[in-house]
Student: 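Just passing along the structure, written as structure tokens.
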Protein chains: 2
Amino acid sequence: MEMPDQIRLQNKKIRMTSQRSTILEVLKSLRTHPTADQVYEIVKKRLPKISIGTVYRNLDMLSRLGLIKKINVGTPQMRFDGRTEEHYHVVCNRCGKVEDVEINDDFDPFRKLHKAISHRTGFEIKALEINMVGICPDCVKRGNLPLED
Amino acid sequence: MEMPDQIRLQNKKIRMTSQRSTILEVLKSLRTHPTADQVYEIVKKRLPKISIGTVYRNLDMLSRLGLIKKINVGTPQMRFDGRTEEHYHVVCNRCGKVEDVEINDDFDPFRKLHKAISHRTGFEIKALEINMVGICPDCVKRGNLPLED
DNA sequence: ATATATGCAAAGACTTTGCTATCGA
DNA sequence: TCGATAGCAAAGTCTTTGCATATAT
């Protein structure tokens, strides 16, 4: 996975390291939404000496650079997403699964929210953080109980 | 603030204590979205011996009972909201302000999402957690920088 | 009376950071 | 070369929990 040269962040030159590129590759190859610790476990298979602090620092930097997204699904742990296009998530409150909601021109009930909410509140809306929390089809079938009880 | 008698949670009788009722009263009286620590500071003025652990335990219990809501605006700290009707928040990423988005019959761009997303994903959607992140009018005026930089 | 809740302090979970050595451009 | 990054371990922040005491019903 290559990165454009000479990126700067807060006036510092960003350097490509094996740790950073591996973390980016891993996230781009997944369609899941791992926690920092899960990224660490995966990357450690390729770079056994990597430390969790490096993982956190790189996840933070990559998301500041806009190469990945840091997402929040209502749990204490942040999750990371290799998809950077605007999209939304459904979260199962029984098994914890997080799935993307695919949107396209025929199906984008979110886009119009920007304007409506800006007008309503006077905020300049930059991002919608939308989690739809419910029960995934598998958990419905199995009658699983909510996680939190 | 009174609580109905003989509530049970997980087969245990819920008891009303001064700590619990004070926390509930405080939250119901605020239109802000305080952190647990902010609730603690406010409640301590009335009950100086209360401990932070009690505040956390009661905030958790009151939200399990549906008397308050625990909300997550994308920051590491949970926030608490005395309004339990379905509503949404705008979050300023410069000053951290969290405001309610008032909805009514003429303005509820969210309600239709339930059905659309259920149909799209196969999830039984129970709740929409929507934070609109942007810049509040004051921060636009003052040219404030984002919090995270 | 007794099960539930409190206060306190310790522990837990997750994340950040200081420091020295190493590495990339 | 030399400034940016890594590894390590310690510290930080927020939240939960074990235990003895107090309290609501």
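Sequence lines set the chain letters: A, B, ... in the order given, protein chains first and strands last, and positions in each chain run from 1.
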Student: Nucleotides 17-23 of chain D: which of its N/O atoms have a protein N/O under 3.5 Å away?
Tutor:
{"from": "dG18(D)", "atom 1": "O6", "to": "Arg57(B)", "atom 2": "NH1", "distance (Å)": "3.3"}

Student: Distance-only, no hydrogens or angles: does the Asn131(B) side chain make a donor-acceptor pair with backbone N or O of Val133(B) under 3.5 Å?
Tutor: no
Student: Answer yes or no: is there a side-chain heavy-atom contact under 4.5 Å between Ser51(B) and Thr54(B)?
Tutor: yes
Student: Any idea which of dT5(D), dA4(D), dT15(D) is nearest the Arg20(A) side chain?
Tutor: dT5(D)
Student: Honestly curious: do Phe80(A) and Ile71(A) fall in one hydrophobic cluster under the side-chain, below-4.5 Å linking rule?
Tutor: no
Student: Rounded to whole Å, how long is the line connecting atom CE of Met61(A) with atom C1' of dA6(D)?
Tutor: 13 Å
Student: Under 4.5 Å between any side-chain heavy atoms of Asp100(B) and Arg83(B), yes or no?
Tutor: yes
Student: Could you measure the distance from the CD1 atom of Ile130(A) to the CD1 atom of Ile130(B)? Nearest 0.5 Å is fine.
Tutor: 4.5 Å
Student: Return the 5'-most residue of the pair Asn58(A), Gln77(B) with respect to DNA chain D, ranking by each residue's nearest nucleotide.
Tutor: Asn58(A)
Student: Hey, which sits more toward the 5' end of DNA chain C by its nearest nucleotide, Lys12(B) or Lys70(A)?
Tutor: Lys12(B)
Student: Does OP1 or OP2 of dC23(C) have a side-chain N or O of Gln19(A) closer than 4.0 Å?
Tutor: no
Student: What is the separation between atom CG on Leu59(A) and atom C1' on dT5(D), rounded to the nearest whole Å?
Tutor: 15 Å
Student: Is Gln6(B) close enough to dT25(D) that one of its side-chain N or O atoms is under 4.0 Å from OP1 or OP2 there?
Tutor: no
Student: Please determine whether salt bridge (Lys or Arg N to Asp or Glu O under 4.0 Å) holds for the pair Asp138(A) and Lys97(A), giving the CA-CA distance in whole Å, both sets of side-chain angles, and the decisive distance to 0.1 Å.
Tutor: CA-CA 10 Å; Asp138(A) 286 350; Lys97(A) 182 188 297 166; 3.5 Å; yes
Student: When you get a sec, tell me which of dT5(D), dG7(C), dT25(D) is the closest nucleotide to the side chain of Ser51(B)?
Tutor: dG7(C)
Student: Decide side-chain contact (heavy atoms from CB on, under 4.5 Å) for Ile117(A) and Leu128(A); before the verdict, give the C-alpha distance in whole Å, the side-chain angles of both, and the deciding distance to 0.1 Å.
Tutor: CA-CA 10 Å; Ile117(A) 301 296; Leu128(A) 301 178; 5.6 Å; no
Student: Give Asp60(A) one of three labels, base, sugar-phosphate or nothing, depending on what nucleic acid heavy atoms sit under 4.0 Å from its own.
Tutor: nothing
Student: When the distance from CD1 of Ile50(A) to P of dC23(C) is rounded to whole Å, what number comes out?
Tutor: 14 Å
Student: Without decimals, in angstroms, what is the distance between Arg8(B) CZ and dT25(D) P?
Tutor: 14 Å
Student: Let me spell it out: for each of Asn11(A) and Asp37(B), pick the nucleotide of DNA chain D with the closest heavy atom. Which residue's pick is nearer the 5' end?
Tutor: Asn11(A)
